[in-house]
Amino acid sequence: GNSFTNFSTANGLRDNSVSVITQDPAGTYWIGTPAGLHSFAAGVFTSYSVEQGLSNNIILDIYCDRSGSVWIGTDGGGLNRLQRGRIQVFKIEQGLFNNVIYRILEDERKRLWMSSNNGIFYVSKQELLEYGAPKSRKLNCYYFQQRDGIRSAVCTGGIQPAGWKGPAGILYFPTNNGVVSIHPESIELNPVRPNVLLEKITVDGTQVDFANGMTLPAGTRWIEFHYTAPSFIVPEKVMFSYRLFGRDTGWHDTQNRRSIRYEGLDHGSYRFKVIACNNDRVWNHKGSSLEFSIRPYLYQNFWVRVLALCIAFLAFLFFLYQNRQEKLFPPQKEKYRDSPLTPRKSQVLLQRLMDYMEEEKPYLDPNISLAKLASRLSIPAKQMSQIINEEREQNFKNFLNQYRVEEACKKLLDPKEKDFVLLKIAYEVGFNSKSVFNDAFKKFTGLSPSEYRKKFSGDD
């Protein structure tokens with residue numbers, strides 16, 4: 001009628017600057033702003049932004065197809081597709097030619113044509129819909145620039161219309177040097193797949209003769225592959241993709257660069273493969289490949305490593321055995337080489353020591369030491385240590401603890417002591433720690449004190 005209704009951020013728009021408005025077949029209006037995308041139906045705005053999955057909030061164009069898909073061109077975020085609340089993003093990483101999209105038009109072959117700041121390109125809508133399925137490759141995106149006959153590859157956008165589809169299916173795109181008209185039906189693809197060739201290989205700065213199965217010396221620092229794919233139709237558009245099996249986890253695009261260098265390769269087997277496409281993105285997936293290997297140093301051979309591990313393991317076991325033997329049977333003879341003790345005198349002194357231990361029970365004193373015990377028996381401390389080490393094959397600590405454990409065993413089986421806690425018994429026999437008592441007891445009896453009492457006391 002004659003009245004205006006204003007819609008702004010007060011009504012639900014994210015920004016008051018509107019760049020594009022269109023309507024889908026169901027009657028819903030779609031509105032693009034520098035702050036995101038909006039739908040408008042039944043008087044209600046619904047907004048979409050990077051928080052909902054858009055790749056960029058600056059919307060330059062919107063195209064709604066008959067299937068219900070909403071295609072969104074962004075300023076740097078590539079192409080977005082919205083369907084049933086789900087957003088899918090297509091950018092250069094997925095094979096799109098450019099991430100700036102001024103205009104989206106669909107031709108009669110269901111191809112989406114898009115203008116950008118560096119050329120005009122198209123991609124099959126079916127390929128876009130199927131992208132993401134298992135084993136899918138990058139998008140086949142076909143582009144046109146000045147070398148293809150356009151006066152300027154810099155299209156204009158951000159204002160509408162940034163392109164138009166005429167009644168005869170002819171597409172029109174504005175550029176900074178006039179309008180480009182494209183007849184999609186007349187565009188014919190170049191079906192000839194380029195023949196990919198490995199031209200030369202350089203190893204550590206020296207060009208080598210190469211053949212499948214070649215072996216490079218140990219310590220190879222770097223290898224460089226040079227390849228080509230002759231094409232006589234816009235050869236600048238020939239692009240390559242390569243992968244070194246055994247090193248790379250995926251394919252790498254090189255655009256039109258025709259060499260690649262690998263450094264720091266480990267010894268082992270590899271296969272280098274390079275593929276290429278022509279000016280219309282028709283790929284030769286067979287490509288060219290080369291299998292090669294790098295020799296290991298002697299110490300890197302598997303059998304050498306296994307042998308070294310076996311030797312190290314055996315050496316470790318021998319070390320453990322020697323260590324155990326030294327603990328059980330210390331080399332006392334070397335230690336006491338200059339001792340005045342004779343075997344007979346050692347036996348005499350040992351008997352004096354044993355008698356004293358049985359009669360006086362010095363081990364009940366938790367503070368008893370080798371020096372104190374030697375002093376009580378008027379035996380030099382060094383000779384006392386020698387007697388215990390050589391004749392009893394024990395150190396002084398174990399010598400005392402054995403007596404203490406034997407005394408504890410008697411108390412554990414004594415009916416008069418049955419109600420006493422184990423800690424009291426431990427202290428009575430000369431231990432000053434429950435943990436030391438338990439460890440020593442188990443060492444000499446094979447049982448804990450409580451297990452010993454339960455097993456031999458006869459009590460249930």
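By convention here, the first residue in the shown sequence is residue 1.
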Sidechain-backbone polar pair: N56 side chain, I59 backbone, donor-acceptor under 3.5 Å: no
Non-hydrogen atoms of I170 and S181 that approach each other most closely: CG2-CB, 4.1 Å
Polar contact flag, side-chain donor to acceptor under 3.5 angstrom, R111-S124: no
Beyond-backbone contact of L139 with F90, side-chain heavy atoms, under 4.5 angstrom: yes
Stepwise side chain to side chain contact (heavy atoms under 4.5 Å, CB included) check, F144 with I187: CA-CA 11 Å; F144 303 90; I187 300 295; 4.1 Å; yes
Worked check of side chain to side chain contact (heavy atoms under 4.5 Å, CB included) between W30 and C64: CA-CA 9 Å; W30 293 89; C64 302; 3.6 Å; yes
The single option from D75, N118, I58, T74 passing side chain to side chain contact (heavy atoms under 4.5 Å, CB included) against V100: D75
F441 and L412: CA distance, side-chain angles, deciding distance, side chain to side chain contact (heavy atoms under 4.5 Å, CB included) verdict: CA-CA 12 Å; F441 197 95; L412 287 171; 3.5 Å; yes
Exam field: side chain T46 to backbone S39, donor-acceptor pair closer than 3.5 Å: no
CD1-SG distance between I425 and C409, expressed to the nearest 0.5 angstrom: 10.0 Å
Cationic N near anionic O, under 4.0 Å, K165 to D107: no
Side-chain donor or acceptor of N99 paired with backbone N/O of I92 under 3.5 Å: yes
Beyond-backbone contact of R86 with Q83, side-chain heavy atoms, under 4.5 angstrom: no
Trace of the salt bridge (charged side-chain N to carboxylate O under 4.0 Å, His left out) decision for D266 with R247: CA-CA 9 Å; D266 292 329; R247 169 75 174 268; over 6 Å; no
More than 12 heavy atoms of other groups within 6.0 Å of I159 CD1: no
R151 atom CZ, over 12 foreign heavy atoms within 6.0 Å: no
Residue pair G169 / P184: nearest heavy atoms and the distance that separates them: O-CD, 3.4 Å
Short side-chain to backbone donor-acceptor contact, E108 and E185, under 3.5 Å: no
Polar contact flag, side-chain donor to acceptor under 3.5 angstrom, N398-K443: yes
N/O donor-acceptor pair under 3.5 Å between R271 side chain and E291 backbone: no
N98-N117 side chain donor-acceptor pair, cut-off 3.5 Å: yes
Side-chain donor/acceptor of N11 to backbone N/O of S8, under 3.5 Å: yes
Chi angles and distances behind the salt bridge (charged side-chain N to carboxylate O under 4.0 Å, His left out) call for R258, E199: CA-CA 10 Å; R258 304 189 178 219; E199 288 188 302; over 6 Å; no
Sub-4.5 Å side-chain heavy-atom contact between N212 and L290: yes
More than 12 heavy atoms of other groups within 6.0 Å of W164 CH2: no
Other residues, nucleotides, ligands: >12 heavy atoms within 6.0 Å of D209 CG: no
Side chains of I72 and D61 in contact at under 4.5 Å (non-hydrogen atoms): no
Stacked cation flag K424 on F431, 6.0 angstrom / 45 deg: no
Neighbour count >12 (heavy atoms, 6.0 Å) for atom OH, Y29: no
Residues T175 and N177: side-chain donor-acceptor under 3.5 angstrom: no
Rounded distance (nearest 0.5 Å) linking atom OG1 of T206 with atom CD1 of I201: 13.5 Å
Flag, side chain of N284 to backbone of R193, donor-acceptor distance under 3.5 Å: no
Centroid-centroid distance, F456 to Y452, less than 6.0 Å: yes
Student check: side-chain heavy atoms of N401 and Q394 closer than 4.5 Å: no
Side-chain donor-acceptor pair present, N80, W71, cut-off under 3.5 Å: no
From CA spacing to verdict: side chain to side chain donor-acceptor pair (under 3.5 Å), Y63, E106: CA-CA 9 Å; Y63 169 64; E106 183 175 357; 2.4 Å; yes
Derivation of the salt bridge (charged side-chain N to carboxylate O under 4.0 Å, His left out) call for R221 and E263: CA-CA 6 Å; R221 291 178 289 111; E263 297 182 4; over 6 Å; no
Pairwise side-chain contact, F121 with L96, heavy-atom cut-off 4.5 Å (strictly under): yes
Derivation and outcome, side chain to side chain donor-acceptor pair (under 3.5 Å), residues N389 and N395: CA-CA 6 Å; N389 292 161; N395 58 34; over 6 Å; no
Partner of Y122 under ring-ring contact (aromatic ring centres under 6.0 Å, His included), chosen from F173, Y143, W113: W113
Reported SG-to-CE distance for the pair C155 and M114, which is rounded to 0.5 angstrom: 12.5 Å
Separation between CG of N6 and CG of L13, rounded to the nearest 0.5 Å: 11.0 Å
Close side-chain approach of H267 to R295, heavy-atom, < 4.5 Å: no
Distance in Å, S47 OG paired with D15 CG, rounded so as to fall on 0.5 Å steps: 12.0 Å
Side-chain donor/acceptor of T202 to backbone N/O of G205, under 3.5 Å: no
Under 3.5 Å side-chain donor-acceptor pair for Y262 and D248: yes
Exercise: do S69 and R81 side chains pair donor with acceptor under 3.5 Å: yes
Closest non-hydrogen atom pair, V238 against A276: CG1-CB, 4.4 Å
Derivation of the side chain to side chain contact (heavy atoms under 4.5 Å, CB included) call for S49 and L37: CA-CA 6 Å; S49 65; L37 174 73; over 6 Å; no
L447 side chain near K455 side chain, heavy-atom distance below 4.5 Å: yes
Donor-acceptor contact present, side-chain K273 to main-chain H285, <3.5 Å: yes
Side-chain donor or acceptor of Q402 paired with backbone N/O of F399 under 3.5 Å: no
Test applied, ring-ring contact (aromatic ring centres under 6.0 Å, His included); reference residue, F292; option that passes from F245, F272, Y270: Y270
Point-to-point distance, once rounded to the nearest 0.5 Å, from CZ of R103 to CD1 of I120: 13.0 Å
